[in-house]
There are 2 protein chains.
Amino acid sequence: MSGAVQSVIRQPMGMAGQVSTPTRVTDPLAALIGMTITLPRDRELYAQGERAEYCYQVISGCLRTVQLMEDGRRQVAAFLLPGDCLGFDDFDSHDFAAQAVTDVVVKRFRRHDVEAQADRQLALARRLRELGASALRAAHDRLLLLGRKTASERIATFLLEMAARQHQSHMVTLPMSRVDIADHLGMTVETVCRMITHLRREGTIAVVPSGVELHAPGALRQIAADLRH
Amino acid sequence: MSGAVQSVIRQPMGMAGQVSTPTRVTDPLAALIGMTITLPRDRELYAQGERAEYCYQVISGCLRTVQLMEDGRRQVAAFLLPGDCLGFDDFDSHDFAAQAVTDVVVKRFRRHDVEAQADRQLALARRLRELGASALRAAHDRLLLLGRKTASERIATFLLEMAARQHQSHMVTLPMSRVDIADHLGMTVETVCRMITHLRREGTIAVVPSGVELHAPGALRQIAADLRH
DNA sequence: CGAGAATTTGAAAGTCGTCAAACGACGTGG
DNA sequence: CCACGTCGTTTGACGACTTTCAAATTCTCG
């Protein structure tokens with residue numbers, strides 16, 4: 001049995017960005033005709049450089065987007081949770097690979113169709129631009145993290161972000177491995193472990209099988225030294 | 001230098017497949033009504049968190065987008081050169097500040113107008129999505145750089161990228177300070193200098209008042225260990 | 001229960017950052 | 001036109017945070 005696999009974050013879709021878009025009664029994306037696809041853990045949804053024919057919205061499970069260097073160094077650009085979209089803003093080919101962190105269900109759309117539909121439906125076109133803006137904002141926050149934050153700040157930031165995305169303030173599910181986290185935060189597995197251990201010994205968090213419990217979110221926030229607000 | 005209107009942020013070693021967009025006869029952006037604004041060096045075009053009423057296209061000069069942490073740590077997300085656009089994909093407020101690196105001339109558009117126009121003109125709507133996609137791709141490349149590349153690789157990558165964006169292969173103009181470069185590449189001024197000195201002593205580059213000459217772009221490329229070929 | 005993988009911990013090494021100071025480019029003022 | 005002060009760049013020495021290498025421990029799954 002897949003232990004942690006099914007304890008993946010569940011949450012209604014439609015909250016793609018924690019952005020306060022004025023209450024959208026019907027998400028234009030929901031109107032698109034999409035095929036439901038399931039993907040087993042560790043399977044690749046698409047490869048880096050692959051022709052980008054489809055785009056996707058995550059229904060359940062967790063995906064990661066990955067960039068590789070020839071010598072094996074890896075950068076996980078993002079983890080995608082239910083409601084998140086990917087592939088909508090690529091060009092002809094995908095900039096990075098997308099892989100299933102857990103068993104995953106996604107809704108798949110033909111990009112050509114989406115583009116065509118966007119030309120007819122203003123709401124969708126706007127939604128697509130919003131989607132891009134969300135992704136861009138997230139990427140920019142990560143630039144600051146990777147460029148300027150220390151190891152402990154990165155971990156704290158990451159845990160808080162995951163908590164927020166799961167709409168939880170005490171329990172954070174971490175479906176991805178420590179290696180994935182390391183490659184996401186620009187550090188090594190060992191450093192990730194050490195930082196987590198440190199937080200645990202401080203009593204700030206507790207490590208449980210499928211994630212961590214946040215005992216002192218305030219302390220985390222202080223460590224994260226979060227910008228904006 | 002105004003001919004660069006279509007040169008949105010380009011990849012280092014601009015391959016990535018033929019960057020879709022076949023030769024665009026008329027850029028939808030050119031049709032927008034924009035006011036020309038000049039900005040002296042070091043002046044701020046807009047502040048972080050400021051209400052995003054306008055968006056811009058660079059006509060001449062160089063801008064930087066900046067994120068600040070309370071303790072002063074700074075991340076330069078991007079340098080913008082003639083033809084580049086900014087502010088098109090923000091939400092209500094700007095995610096970061098934009099400041100003039102040199103004296104700058106920009107064309108300013110009211111975002112509300114752009115959005116409205118996009119609703120009427122498919123080409124513009126598509127162009128806006130492309131713009132977002134370009135920015136996103138650039139940001140992702142930078143994630144890999146910040147997360148996984150060494151100091152020398154970052155410098156090499158940066159020089160090659162600047163050369164490509166200036167459509168030059170031997171002479172690179174660097175209008176920004178070493179501090180700006182450092183804050184862009186996630187390192188310190190001292191390290192930037194050391195890396196440049198190292199390349200100079202190797203004979204790979206030569207430092208001139210306004211930038212550097214690339215004597216051995218091949219060597220740079222090798223150092224950059226560039227992904228995506 | 002046992003083998004292999006993932007996580008955690010430890011010790012040593014390195015890269016990069018910090019602190020400090022010299023050097024050089026400019027612009028102002030004498 | 002040159003002296004001088006300021007700011008940006010460069011260089012050096014030292015220290016620290018992370019990484020690297022190695023191994024113990026825990027967890028997963030057959």
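Lettering of chains follows the sequences in order, A, B, ..., and the numbering in each one begins at 1. It should be emphasised that the depicted structure is a prediction, and the values quoted were computed from it without experimental measurement.
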Trainee: Angle between ring planes, Y56(B) versus Y46(B), binned at 30° and 60°: parallel, tilted or perpendicular?
Mentor: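 Geometry flag for Y46(B) against Y56(B): parallel rings.
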Trainee: Just how far, in rounded Å, is P of dC17(D) from NE2 of H198(A)?
Mentor: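 To the nearest whole Å, that distance equals 12 Å.
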Trainee: Sub-3.5 Å donor-acceptor pair from the side chain of T65(A) to the main-chain atoms of A78(A), do we have one?
Mentor: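 Yes; judged by distance alone, with no hydrogens or angles, the pair exists.
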Trainee: Grab the CZ-P distance between R178(A) and dT25(D) for me, whole Å please.
Mentor: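 Result: 19 Å.
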Trainee: According to side-chain hydrogen bond (donor to acceptor under 3.5 Å, both in side chains), who are the partners of E213(A), at least two apart in sequence or on a separate chain?
Mentor: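 Partners of E213(A) by the side-chain hydrogen bond (donor to acceptor under 3.5 Å, both in side chains) criterion, ordered by chain and then number, come out as H215(A).
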Trainee: Show every ring pair (Phe, Tyr, Trp, His ring centres under 6.0 Å) that has at least one partner inside residues 58-86 of chain A, sequence neighbours left out.
Mentor: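 Ring pair (Phe, Tyr, Trp, His ring centres under 6.0 Å) check on residues 58-86 of chain A returns F79(A)-H184(A).
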Trainee: I need the CG-P distance between D180(A) and dA6(C), as an integer number of Å.
Mentor: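 Spelled out: CG on D180(A) to P on dA6(C) is 10 Å.
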Trainee: Once side-chain hydrogen bond (donor to acceptor under 3.5 Å, both in side chains) is applied, do any residues pair with E190(B), and if so which ones, sequence neighbours excluded?
Mentor: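 Listed in chain order: nothing, the list is empty.
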Trainee: Listed by chain and number, what are the side-chain hydrogen bond (donor to acceptor under 3.5 Å, both in side chains) partners of R154(A), not counting sequence neighbours?
Mentor: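 R154(A) satisfies side-chain hydrogen bond (donor to acceptor under 3.5 Å, both in side chains) with no residue once adjacent residues are dropped.
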Trainee: If the helix axis at each end comes from five base pairs, how far does the helix from dC1(C)-dG30(D) to dG30(C)-dC1(D) deviate from straight, to 10°?
Mentor: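 Nearest ten degrees gives 40° for this helix.
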Trainee: Mind calculating the distance between CG (D42(A)) and C1' (dA5(C)) to the nearest angstrom?
Mentor: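 Those two atoms, CG and C1', are 12 Å apart.
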Trainee: What is the distance, to the nearest angstrom, from the CD1 atom on I181(A) to the C1' atom on dT18(D)?
Mentor: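 Value for this atom pair: 17 Å.
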Trainee: Are R74(A) and D180(A) ion-paired here, with the side-chain N under 4.0 Å from a carboxylate O?
Mentor: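 Looking at R74(A) and D180(A), the cut-off is met.
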Trainee: State, without any angle test, whether E44(A) and Q99(A) hold a side-chain donor-acceptor pair at a distance under 3.5 Å.
Mentor: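 Yes, side-chain donor-acceptor contact under 3.5 Å.
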Trainee: Quickly work out the I196(A) CD1 to dA6(C) P distance and round it to whole Å.
Mentor: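 After rounding, the gap between these two atoms is 16 Å.
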Trainee: Nearest whole angstrom, please: distance from the C1' of dT19(D) to the CG of L185(A).
Mentor: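 Rounding to the nearest Å, CG of L185(A) and C1' of dT19(D) are 16 Å apart.
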Trainee: Nucleotide by nucleotide, 5' to 3', does protein get under 4.0 Å of the base (B), only the sugar-phosphate (S), or neither (-) in nucleotides 9-23 of chain C, counting heavy atoms?
Mentor: BBB----SSBB----
